[in-house]
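The model shown is predicted, which means the values in this text are computed figures rather than measured ones. Letters go in sequence order (proteins before strands), and every chain restarts at 1. Below, all heavy atoms of this structure are taken into account, side chains as well, without hydrogens, waters or symmetry copies.
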Amino acid sequence: MRITEKDNNIILEEMESFDIEQILECGQCFHFEQLDVKEYVIVAKRHLLHIKQINDQIIFFQTSMETFHTVWRPYFDLDRNYNEIKSWLITNEKTLLNRSAELEKAITEYGGIRILNQDFFETLISFIISQNKQIPHIKQIINTISIKYGDLAGEICGKSYYHFPTLLQLAKVTENELRLCKTGFRAPYIVDACEKLLKEIVLESRLLHADSNQTMEELMLIKGVGIKVASCVALFSLSQRNVFPIDVWVKRIMEKIYFEKETKKEEIASLAKQLYGSFGGYAQQYLFYYARENNIKVDER
DNA sequence: GGCCAGGGGGTGT
DNA sequence: ACACCCCATGGC
């Protein structure tokens, strides 16, 4: 990785395993907007980022060296060696025994994915909202909530962007107000999440030191948080990279690769743990993106 | 353990 | 125009 500063922009070069489009469009985050091909605005970590990738050159517009190192370097997981992870996922003894051309293709074609280290509160609420919804709609709702209840983050190309509200800001919003943001039956779940966080029944600082089973158990105290939502929160905002969230797409692609028939999520989770071990979260992202991009359907099992 | 509601936009026909 | 689907969960 080579980092240079020019005209108040940071230019990142020689960065392996980094494709800004794959990183943002793989479904792990929702608070961003595409401006052009591989050019995006991201609102995250109480900062606003205008970023563009041209081949192997990644430009962080109007970003100081300090902000790059303290905010974006950890956010984009830049200090992790993804080549080692990808290579291990394909060549460990378990995956060699159950070789899959599709897993290998997923990792090769979508090898530019990185798992972002996102904000805990925003990730929790975002994945509560995500249930039974499509990505464009999730993005729209998060945008509406941010504009109505969050602080102004800044302006890029003449357009204003807003932070996702903090816990204290969102805790003041009523269930009915949340319904007006098209959250539907998830509105009381969001209210319950804010209450449990305020009462410290669920506490981020405790989860950061917990293992993934304890984390899931604590997160699932919140109404509307089941295994899928809890595992996304653990993976995307608590650095628990062993968890393997199973949604309809991952279920389909796992069934196609390893089972060739309809299979219970518990059984899929058990196999994923055996095959991918502590790198389950990475495998899940490659497989999810592969399944969605190739529109894997049930009858293709 | 299986079934179904609950909002509303996406997508295909 | 219309049916079916969606990064699920709670509650029966």
Test of ring centre spacing under 6.0 Å for Y82(A) and F18(A):
no
Distance, rounded to the nearest Å, where M216(A) contributes CE and dA8(C) contributes P
14 Å
Would you measure the distance from the P atom in dA1(C) across to the matching atom in dG7(B) and give it in whole Å?
25 Å
On DNA chain C, check which nucleotide each of Q28(A) and M220(A) is closest to and give me the residue with the more 5' one.
Q28(A)
Can you tell me how far P in dC4(B) sits from the matching atom in dC4(C), rounded to whole Å?
14 Å
Identified pairing partner of dT9(C), criterion: Watson-Crick or G-U wobble below 3.5 Å
dA5(B)
Expressed in whole Å, how much space separates the P atoms belonging to dC12(C) and dG6(B)?
14 Å
From dT9(C), dG6(B), dG10(B), nucleotide with atom closest to Q131(A) side chain
dT9(C)
Relative to the 5' end of DNA chain C, which residue comes earlier, G224(A) or F236(A), by the nucleotide with the nearest heavy atom?
F236(A)
Only one of H31(A), K45(A), H163(A) passes side-chain hydrogen bond (donor to acceptor under 3.5 Å, both in side chains) with E122(A), and that residue is H31(A)
Check: Y286(A) ring centroid to Y110(A) ring centroid under 6.0 Å:
no
Which of dT9(C), dG8(B), dG11(C) is nearest the side chain of H137(A)? It is dG8(B)
dA8(C) P sits how many Å from I222(A) CD1, rounded?
18 Å
Does dT11(B) pair with anything, Watson-Crick or G-U wobble, both distances under 3.5 Å, and if so, with which nucleotide?
dA3(C)
Which part of the nucleic acid, if any, lies within reach of I227(A) when heavy atoms closer than 4.0 Å are counted: base, sugar-phosphate only, or nothing?
sugar-phosphate
Given dG10(B), dG10(C), dA8(C), which nucleotide is nearest the side-chain atoms of Q134(A)?
dG10(B)
Looking at Y282(A) versus F244(A), is the centre-to-centre ring distance below 6.0 Å?
no
Using a heavy-atom cut-off of under 4.0 Å over every strand shown, decide if K182(A) touches base, sugar-phosphate, or nothing.
sugar-phosphate
Report the distance from atom CG of N132(A) to atom P of dG11(C), rounded to the nearest whole Å.
17 Å
Under 4.0 Å between any heavy atoms, over every strand shown, what does V250(A) touch: base, sugar-phosphate, or nothing? Just pick one.
nothing
Just call it for R179(A): base, sugar-phosphate, or nothing, with non-hydrogen atoms closer than 4.0 Å on any strand.
sugar-phosphate
Just the rounded figure in Å: distance from P of dG2(B) to NZ of K264(A).
6 Å
Rounded to whole Å, how long is the line connecting atom NZ of K251(A) with atom P of dT9(C)?
14 Å
Over how many whole Å does the gap from L219(A) atom CG to dT9(C) atom P extend?
12 Å
Can a donor-acceptor pair be found, under 3.5 Å and without considering hydrogens, that links the side chain of N98(A) to the backbone of K94(A)?
yes
With the side chain of K223(A) defined as its heavy atoms from C-beta on, choose the nearest nucleotide among dG9(B), dG7(B), dG11(C).
dG11(C)
Atom CH2 of W249(A) and atom C1' of dG10(B) are separated, to the nearest Å, by 12 Å
Could you walk me through whether Y289(A) and E109(A) pass the side chain to side chain donor-acceptor pair (under 3.5 Å) check?
CA-CA 10 Å; Y289(A) 201 55; E109(A) 280 185 31; over 6 Å; no
In whole angstrom, what separates I141(A)'s CD1 from dG10(B)'s P?
11 Å
Look at all strands and tell whether C29(A) reaches a base, only sugar-phosphate, or nothing, counting heavy atoms closer than 4.0 Å.
nothing
